Structures are given as C-alpha cells and as structure tokens.
Number of protein chains: 2
Amino acid sequence: MTKRLGRGSDSDSRNEATGTGREPFRDRSGRSLQDYPRPSVAVDTALLTVGPSGGDGTGSPELLVLQVRRPAGGWALPGTFLHPGERLIDAVLRSLREKAGVTGASPRQLHVFDDPDRDERGWVLSVAHADAMPLARLAGAIDGDGARSAPATSPGSLPYDHAEIVRAAVRQLRHRYASAPDPDRFLGPSFTLRELRLVHEAVAGHTLQKDTFRRRMESALVPTGRISSGTRGRPAELFRRARRVSTPGGP
Amino acid sequence: MTKRLGRGSDSDSRNEATGTGREPFRDRSGRSLQDYPRPSVAVDTALLTVGPSGGDGTGSPELLVLQVRRPAGGWALPGTFLHPGERLIDAVLRSLREKAGVTGASPRQLHVFDDPDRDERGWVLSVAHADAMPLARLAGAIDGDGARSAPATSPGSLPYDHAEIVRAAVRQLRHRYASAPDPDRFLGPSFTLRELRLVHEAVAGHTLQKDTFRRRMESALVPTGRISSGTRGRPAELFRRARRVSTPGGP
DNA sequence: AAAATAGTGTCTGTGAGACACTATGTT
DNA sequence: AACATAGTGTCTCACAGACACTATTTT
C-alpha cells in the first residue's frame, strides 16, 4: 500500500470541510469552489402521531404518519428543497407549514440518503428528519384533502426511501418512549395511567402489562389530587409528568 | 392560522425530495433544478482507535482520534468535498485513503452540519462520519508527519465543529461497547479478559470492576483452550468473540 | 516472600415479569 | 348482578455492584 500523507495528489487539496483559510479557495488549476458541480439538497420529514385506529375510531390508538398528496398522484412524506442560506431545520419547518399547515415542530435529523440515481431529476441528496406531535395539531391539515395520516407500520405505497425514513422514525420514537412518560406530549398535561399506557402501547406496537408499566412510570410522574370521571369502571387518579428526572452527569 | 394544503404557494412546487415525475422538473417560472444555487457538500470523519496513553506507552490504553495536518497549519479531522456522482461513504473512504493512507474503514453517518456561515469559502454542508479500527491499521499513517493521533477526550484545538464530531463519535462508540465485547476489533481474534477489560475501560473513560465485567461478557465469549503466557501474574485463558448472540426478533 | 494477576463465592439491592387479589365505579 | 377498570401484594428471576477469598504465576 502506498502511503499518501498530507496533501492529496489529485486536484482536491482540501484538508477538512469546515474550512480554515481566510483566502478564497482555489485549487491548483485556479478554479474556485463555485466551478465544481454541486448536488441539490432536499429534506423529507416523517411526522408521527397517535390517533384512533381504522376509520371507526373505536379501537386502541395507533401510530400514524403524516402524508401529503403528490402532484403526480399518490402520497409521500412532506419535503422540499433547501434554499440558499437556509438551515435544514428551517427547510423542514417550511415544508411542514406550506404542505400541511403544521407549525411548531422540532424535527431531528435521521439520515442522509445519497444514492446519485435516487432522483430522476438529477443529483439530489435528501436529509431525512423525524418529529412527533399530538394529532390535534395535525387535524386541521388532515381535514383537507391535501394531507392524510396513515398507519406508520404499514404506510401504504411510498416512493423511494420514504418507507425507510418512516421505519427509522418509528425506531427513534420507540427508543425515546422506552424511558420516559409520553415525552412528545401526545397527551395533555394530565392523564390517567391507562391513557398513558394506551399511548405507549401504540408507540411500542404491542400491549404492555399494566402493573409493570405503572411501577416503571410512577417515578417519573407526579400525582395531581384530581380524579378522572366520565369513564367506565373505577375512576383513576390523574398524573402529570415530573419536572425533570435527576440524571446527574447525563448528556 | 391559514391552512395551506397541497401545493405550496411559492415557487417551490416540489412535494417530496425523492422525486417521482418522469418529466424534467420545471417550476412555474420555467426554471429547472439546475438554475437554483446549490451548496457544496463535504464529509468529515472522526476515526477512533485505542492505543497507549501519553508518549511513554506505559500507561493504560486510551481512546484516540486520527487527525491530519492542515495546509494552513494545525490539525483537523480528515475530510473532503463530495465529487459529482459519488456516494458519501466513498468520499469518506477517499479522504481517509488520500489524507491518511487508511483503507478498509466502515464509516457511519453522524450528523449534518448546516450553518450557512460555517465555512468562509462559501455555502458548505458537512456530513460528519465516525468509525473505529485497531491502531495497527493507522500506524503507517501516524508514523509520517502528515497525520497523528490525539486523545479523543481532549483532542486539542480543532477547527469549527470538529470537536463536536469527536464527542458524538465517542458517544456512539461507548454505546456500542456497552453491550458487546470489542465489536470494533481493537483486539485480535483471541484475548484475555484483562486485555478486553482494558480496552473497554479506554472506551468508557473510567475503570470497570473485573468480576462484574467478566460475568457480563462471558455469555458473548467462547473459551479457546489456550492460555496466555509471558505476562506477570497468573496466566489467563484466551477467549474469542462468540459468533452471534441470539437475539430472536432483533433488528 | 512479595507482588501481580486470574477466577470464583456470596450477599445485597433493583427492577422486570407474572399472577392474583382487593377496591370502586358504570351499565 | 355483571362488568370494567384502578391499584396493590407478592413471588420469582436476572443481573449489577461490591467485597472477599483462593489460585497461580513472575520477580
């Protein structure tokens, strides 16, 4: 193996992406950065929520993913191209606002899809994002005909890597819900342990034992004095999320 | 809040980044994708390893990160610009090969850094990557003067977001080492439990109890019949990593 | 002999999982 | 009364953490 240290021997004399030179970048042929082909960069977002399963609204809550109608027909995750000078997160917020009327999201990056042939229109990288919010904040959009929610575990036919994005978003959501009570606030400020458990079952994709679940969550909950009413069976105490679970030295 | 469903009202009529139209993309002003400004895309990689601490080589192993010399002076993580039609992972492999003579890495994406002002040379996104490999595979590069290894928890002065990349890489490595014996093969095919523990201590950044560590790792190890020799104290049995820990239904 | 390392026995505490039981409301 | 739900008691199992002890080699 030939050792090649320091400056590379091809026309790319760059040493790190963050850039350090105050001087305008020129390679040995005198061309600047602007003379090389660059990819378009897009963002796509899997926005998850929980809502009643099926069309009847009777069953247990279910994990759903927001989809928007494509001009070409069919459905896809909301996305857009990154505009000049724009942050990725702002492009995501813009796509959610303009395509689905959704505001106030806090999307997180998932993965960059970079197959040069993944988009027929040209060289397009896509930075996948994920977020979750209560169904009520999507209801306005879904009532129209430009957006819908579909079961996240069987999202129907999605183009290209969108199904993979949804899977990664679900995986991340499950990881977050494994250690905290409803961190994405699908429920309001106070709730019974049954309501909390049904939400966590929707996220986990399977049922949870009520006694184990209660004992695991109780340390992260604060009892309000109040009692639920209007339901079948014995009324239950209402809880709210604890301010902060003390994790000294945590990230 | 104004509901805006379906097609957005600005010039960006794109509905998802993956692209579905067979027709060349044109917006309402008739411009194609090629007419919009696009960012340069770079990759930067934190390549971690474990090696003797300090210059003397006497102490316990320590977590190290590969750095390359910058033309402007100082040190940085290896990186390069993404070439047309190239995959991100291939750009990473190319930068490691040309800047540090390292081959055979399996980098994973960490995060996209997207501050429009992070690089004085222009609009540059950087996709941070991380990987780890045994020190022996870096030794050739580090022997030269174009590359060095530095303690990963105090990597010296690194430009821009490189320190953040190293922190994220260390976090990811610790998470992986918490559940498996030396998954990145810093050690050879067989090793004593002491050697394994010292490597895991280097990754974790603190000492581990030998009895607890042994009992936790034993289920993922297979005893070879052989016994270590040439060390102080009682010789120890040599183990190798188990083929696969059975995790039925796992990802 | 002293030091260094390998390997094991044992106790304690925590927490998940499972089963069963009591308590209190609605229909 | 029947049913649905809330909440708790209790047992078992697994495992981490900690301490102590024995075993075997080098120096």
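Proteins come first, then strands; the chains are lettered A, B, ... in the order of their sequence lines, and each starts at number 1. What you see is a predicted model, and the numbers here were worked out from it, not measured in a lab.
- Here the P atom of nucleotide C:dA18 and the CZ atom of A:R214 are 19 Å apart, to the nearest Å.
- Side-chain contact annotation: B:S126 with B:D44, donor-acceptor N/O pair under 3.5 Å present.
- In this structure, CZ of A:F213 is placed 13 Å from P of D:dG7, rounded to the nearest angstrom.
- Distance CG (A:L221) to P (D:dG7): 11 Å, rounded to an integer number of Å.
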### Summary
DNA chain C in dot-bracket form (Watson-Crick or G-U pairs under 3.5 Å, [ ] crossing, | inter-strand) is |||||||||||||||||||||||||||
### Message
I'd like to compare against my own output: the B/S/- annotation of nucleotides 9-15 of chain D with a strict under-4.0 Å heavy-atom distance to protein.
### Response
BB-----
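- A heavy atom lying under 4.0 Å from DNA chain C marks the following residues of residues 225-233 of chain A, by number: A:T231, A:G233.
- With contacts defined as side-chain heavy-atom distances shorter than 4.5 Å, the pair A:R97/A:V102 does not qualify.
- A heavy-atom distance below 4.5 Å is not found between the side chains of B:S149 and B:V65.
- The salt bridge (charged side-chain N to carboxylate O under 4.0 Å, His left out) analysis of residues 216-234 of chain A, with sequence neighbours excluded, yields the pairs A:R214-A:E218.
- Contacts of A:F113 classified as ring pair (Phe, Tyr, Trp, His ring centres under 6.0 Å), with partners at least two apart in sequence or in another chain: A:H111.
- Of the inter-residue distances, the one linking B:R148 atom CZ with B:L138 atom CG reads 14.5 Å to the nearest 0.5 angstrom.
- Within residues 193-209 of chain B, the residues having any heavy atom closer than 4.0 Å to DNA chain C are, in order of number, B:R194.
- Between the CG atom of A:L238 and the P atom of D:dA6 there is a distance of 11 Å, given to the nearest Å.
- With distances taken from any side-chain atom of B:A236 to the nucleotides C:dA6, C:dG17, D:dT8, the minimum falls on C:dA6.
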Interface polar pairs with nucleotides 21-23 of chain C, N/O, under 3.5 angstrom:
from: C:dA23; atom 1: N3; to: A:R234; atom 2: NH1; distance (Å): 3.0

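- With sequence neighbours excluded, the residues that form a side chain to side chain contact (heavy atoms under 4.5 Å, CB included) with A:R241 are A:D182, A:R185, A:L187, A:F191.
- If you take CZ on B:R215 and CG on B:L193, they are separated by 12.0 Å, rounding to the nearest 0.5 Å.
- Checked against side chain to side chain contact (heavy atoms under 4.5 Å, CB included), B:T192 has the following partners two or more places apart in sequence or in another chain: B:R194, B:E195, B:S228, B:A236, B:L238.
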Side-chain polar contacts of residues 204-213 of chain A - donor-acceptor pairs under 3.5 angstrom, sequence neighbours left out - could you list them?
from: A:Q209; atom 1: NE2; to: A:D211; atom 2: OD1; distance (Å): 3.4

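- B:R108 is listed as a side-chain neighbour of B:R176, based on a closest heavy-atom distance under 4.5 Å.
- Remark: B:F186 engages B:Y177 in a ring pair (Phe, Tyr, Trp, His ring centres under 6.0 Å) (not counting sequence neighbours).
- Counting heavy atoms from C-beta outward, A:Q67 and A:P155 have side chains that approach closer than 4.5 Å.
- With sequence neighbours excluded, the residues satisfying salt bridge (charged side-chain N to carboxylate O under 4.0 Å, His left out) with B:D115 are A:R87.
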